[in-house]
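Here, residue 1 is the first one in the sequence, and each next residue gets the next number.
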Amino acid sequence: MRSFVTRPRALAVLLAGTALAFSPLGGQATAQLPVDQTGNPACFTPEEGPAARGGFGADHRELSAAEQKAIEAKTAQILKAKAARGLAPQAGTLASASVPVYVHVMLSKTGAGDVTAAQIDQQIAELNQDFAGQESSQAANTGFTFYLAGTDRYKNDQWHKDRQSTSYRSQTRLGGKNALNIWLVDFSYLGIATFPWDYASNPKIDGIRVQYSSLPGGSATNYNEGKTASHEAGHWFGLYHTFQGGCTSTNDSVADTPAQSSSSSGCPEGRDSCSLPGLDPIHNYMDYSYDSCYNQFTPGQSTRISNMWTAYRA
């Protein structure tokens with residue numbers, strides 16, 4: 001997840017369809033973010049940790065090296081079992097899929113927090129561009145595309161502010177484990193995501209929450225090109241931040257993203273925060289750079305996306 005001081009930003013997901021306007025049921029428990037989250041969200045604000053994207057608070061649940069190791073071992077076992085049953089890509093190939101996106105626009109009772117159909121279409125286009133590797137010659141084409149499967153609108157002051165989030169996600173989520181649900185809200189973060197390995201234990205809250213003003217053309221200065229959605233979707237596919245684990249050989253469990261000791265802000269060309277080889281990957285969608293600085297997922301991240309998709313979402 002990411003957060004920022006002036007304009008919070010939530011997870012953006014690709015969704016298509018006709019917008020429906022109606023008021024959902026309210027009156028649920030009022031536990032607030034991130035306390036009301038369950039299922040090990042990929043991004044949320046812990047009491048301590050690195051400053052979030054945009055400089056507001058800490059940005060995600062810390063994962064220990066032991067947790068990372070356990071997740072890798074579990075994933076390897078699942079992939080081996082699926083390969084034995086012919087349910088994994090053949091050697092030398094990667095998984096690919098067309099991902100249905102459901103966009104849930106959480107409005108206040110007065111209509112605050114709305115986005116246009118054109119902005120939603122532009123967000124889907126941004127996802128497709130970023131995951132196809134079209135912004136840099138160094139970027140990988142992950143093989144995953146997105147299409148808008150549906151858009152709905154709810155008028156509920158609590159949901160608009162991302163309160164009762166476990167409840168509203170459970171009531172509004174659509175599709176199966178392969179469907180990306182994006183809830184557009186107004187909160188103090190840029191985005192929050194769930195990881196794919198948590199779907200089985202908490203399917204009803206799977207997806208990403210995105211600050212509505214971070215969509216293309218929104219008012220979130222430096223973060224209004226729709227790339228928060230790409231960052232959070234990266235978590236939803238199973239990617240860590242590029243600075244996960246700090247300056248260690250394990251780092252983000254991806255070999256071709258140079259280790260970095262801490263997150264970046266802005267677009268600090270030549271930044272090198274770690275003694276291990278390589279400059280910090282400030283242009284990677286999984287760092288904390290400005291939208292204008294982002295331009296790539298790496299081939300290693302593409303391979304990890306393929307593996308996680310095969311293990312948990314295929």
Show me the pairs that pass disulfide (SG to SG under 2.5 Å) and involve [range], at least two apart or across chains.
{"range": "residues 166-221", "answer": "none"}
{"range": "residues 120-166", "answer": "none"}
{"range": "residues 151-206", "answer": "none"}
{"range": "residues 140-255", "answer": "C247-C274"}

Between [X] and [Y], do the side chains contain an N or O donor and an N or O acceptor separated by less than 3.5 Å?
{"X": "Q68", "Y": "T250", "value": "no"}
{"X": "Y168", "Y": "D162", "value": "yes"}
{"X": "S108", "Y": "T110", "value": "yes"}
{"X": "Q301", "Y": "T257", "value": "no"}
{"X": "Y154", "Y": "Q171", "value": "no"}
{"X": "T75", "Y": "Y312", "value": "yes"}

Residue pairs, two or more places apart or on separate chains, that pass side chain to side chain donor-acceptor pair (under 3.5 Å) and touch residues 267-280: S261-S273, S262-R271, S264-R271, E269-H283, R271-D280, S273-D280

Suppose the criterion is ring pair (Phe, Tyr, Trp, His ring centres under 6.0 Å): which pairs have a residue in residues 251-282, not counting sequence neighbours? none

Per the salt bridge (Lys or Arg N to Asp or Glu O under 4.0 Å) rule, what does the pair list look like for residues 236-262, sequence neighbours excluded?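 Applying salt bridge (Lys or Arg N to Asp or Glu O under 4.0 Å) to every pair that reaches into residues 236-262, excluding sequence neighbours, yields nothing.
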
Assess the residue pair F195 and Y240 against the criterion (ring-ring contact (aromatic ring centres under 6.0 Å, His included)); give the C-alpha distance rounded to whole Å, side-chain angles, the decisive distance to 0.1 Å, and a yes or no. CA-CA 9 Å; F195 284 125; Y240 296 124; 5.8 Å; yes

For D114, enumerate each residue passing the salt bridge (Lys or Arg N to Asp or Glu O under 4.0 Å) test, keeping only those at least two apart in sequence or located in another chain. R153

Please list, chain by chain and in numerical order, all residues satisfying salt bridge (Lys or Arg N to Asp or Glu O under 4.0 Å) with D206, sequence neighbours excluded. R173, R313

Taken in chain and number order and not counting sequence neighbours, the residues that satisfy side-chain contact (heavy atoms from CB on, under 4.5 Å) with A117 are none

Q134: side-chain contact (heavy atoms from CB on, under 4.5 Å) partners, not counting sequence neighbours: Q129, A132

Show every donor-acceptor pair shorter than 3.5 Å between a side-chain atom in residues 78-99 and any protein atom, with sequence neighbours excluded, or say none if there are none.
unit_1: K82; atom_1: NZ; unit_2: T310; atom_2: O; d: 2.7
unit_1: T93; atom_1: OG1; unit_2: Q90; atom_2: N; d: 3.2
unit_1: T93; atom_1: OG1; unit_2: Q90; atom_2: O; d: 2.6

